[in-house]
Every structure is written in C-alpha cells, then in structure tokens.
Amino acid sequence: MTTSSAALRHARGSGITAEQQRKILNAISAAGIATRNEIEALTGIRINVVCPRVHELKAIDLLYVVDSDGLCSDGTPGCQRLAITDKGREWLGSKQ
C-alpha cells in the first residue's frame with residue numbers, strides 16, 4: 001500500500017473527508033456560487049484537497065457545475081463555477 005492510499009484510507013475512516021465535504025458545502029452555500037480557488041480561500045482547505053472533495057460531491061449529486069466560462073482568480077479562463085443542488089442543501093441541513 002502506498003503512503004497516499006494509506007492517508008486516504010485514514011482520512012475516510014476518521015471522518016476527515018466528510019468534515020471537509022461539509023466545510024466545502026457550507027462555503028458554497030454562503031457564497032451562492034464558487035470556484036475551487038474561491039473554495040480554497042473561503043475554507044482554508046488546500047486546493048489539492050478541495051479538488052477531490054468537489055469531485056466526490058459532484059459524483060453524489062450534492063454539487064453541480066453552473067458554468068465553465070468564468071475566470072480563475074489568477075485570470076486564466078475556464079474555471080468551473082459550482083453550486084449546491086437541492087439534494088446538497090438537504091444533506092447539509094441534516095448535518096447541522
């Protein structure tokens with residue numbers, strides 16, 4: 001087992017992953033719509049962690065892509081702007 005796969009197993013087993021997902025949903029809920037870079041700034045969760053958590057949340061229909069035409073905070077085009085689905089709002093409400 002590699003170090004990264006052991007770390008992922010630990011994060012999922014200890015509840016860290018779920019806590020990060022909750023923080024991301026809370027941040028997007030407060031902002032309305034946010035890019036991954038904005039999520040990083042709002043939550044303090046590093047971008048290399050934000051990206052897989054967003055992928056997981058999209059896969060279970062708690063987040064959706066509003067559009068991909070926005071500019072990233074560094075000015076590059078093509079950042080996805082994300083919002084919470086109704087299912088995501090329900091999930092977030094049940095966790096508070």
Side-chain angles (χ1 to χ4, degrees):
M1 180 181 319
T2 66
T3 303
S4 59
S5 62
L8 178 59
R9 222 171 80 213
H10 169 72
R12 287 187 175 152
S14 67
I16 293 170
T17 299
E19 176 65 16
Q20 291 166 340
Q21 291 172 336
R22 186 188 59 72
K23 282 183 177 180
I24 289 168
L25 287 174
N26 277 327
I28 297 173
S29 178
I33 295 173
T35 65
R36 286 168 178 81
N37 289 335
E38 291 166 340
I39 294 166
E40 178 184 32
L42 291 167
T43 63
I45 300 171
R46 292 189 330 231
I47 196 73
N48 66 317
V49 176
V50 167
C51 291
R53 296 299 87 81
V54 164
H55 179 75
E56 294 160 359
L57 292 167
K58 285 172 40 185
I60 57 175
D61 297 323
L62 300 184
L63 286 181
Y64 71 97
V65 176
V66 175
D67 62 48
S68 296
D69 297 331
L71 291 177
C72 294
S73 59
D74 65 3
T76 57
C79 280
Q80 292 181 334
R81 296 182 332 133
L82 305 157
I84 300 176
T85 63
D86 289 338
K87 182 179 173 183
R89 283 190 220 11
E90 290 173 18
W91 183 88
L92 190 56
S94 73
K95 302 296 179 191
Q96 295 183 356

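Numbers here simply count residues along the sequence, with the first being 1.
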Residues that Glu40 engages under side-chain hydrogen bond (donor to acceptor under 3.5 Å, both in side chains), provided they are two or more places apart: none
Partner residues of Asp86 under the side-chain hydrogen bond (donor to acceptor under 3.5 Å, both in side chains) criterion, sequence neighbours left out: none
If you round to the nearest 0.5 Å, how far is [atom2] of [Y] from [atom1] of [X]?
X: Ile28; Y: Leu92; atom1: CD1; atom2: CG; answer: 10.0 Å
X: Ile47; Y: Ile39; atom1: CD1; atom2: CD1; answer: 7.5 Å
X: Asn37; Y: Cys51; atom1: CG; atom2: SG; answer: 8.0 Å
X: Asn26; Y: Gln21; atom1: CG; atom2: CD; answer: 12.0 Å

[X]: which residues meet the side chain to side chain contact (heavy atoms under 4.5 Å, CB included) condition with it, sequence neighbours left out?
X: Val49; value: Gln20, Ile45, Arg53
X: Lys87; value: Asp61, Leu62, Thr85
X: Ala83; value: Ile33, Tyr64, Val66

Close side-chain approach of Leu63 to Leu25, heavy-atom, < 4.5 Å: yes
ILVMFWY cluster, Trp91 and Val54 together (side-chain gap under 4.5 Å): yes
Single-linkage hydrophobic cluster Ile60~Val50, side-chain heavy atoms < 4.5 angstrom: yes
Candidate pair Leu82 and Thr35, rule side-chain contact (heavy atoms from CB on, under 4.5 Å), full reasoning: CA-CA 6 Å; Leu82 305 157; Thr35 65; over 6 Å; no
Arg89 side chain vs Ile84 backbone, donor-acceptor pair below 3.5 Å: yes
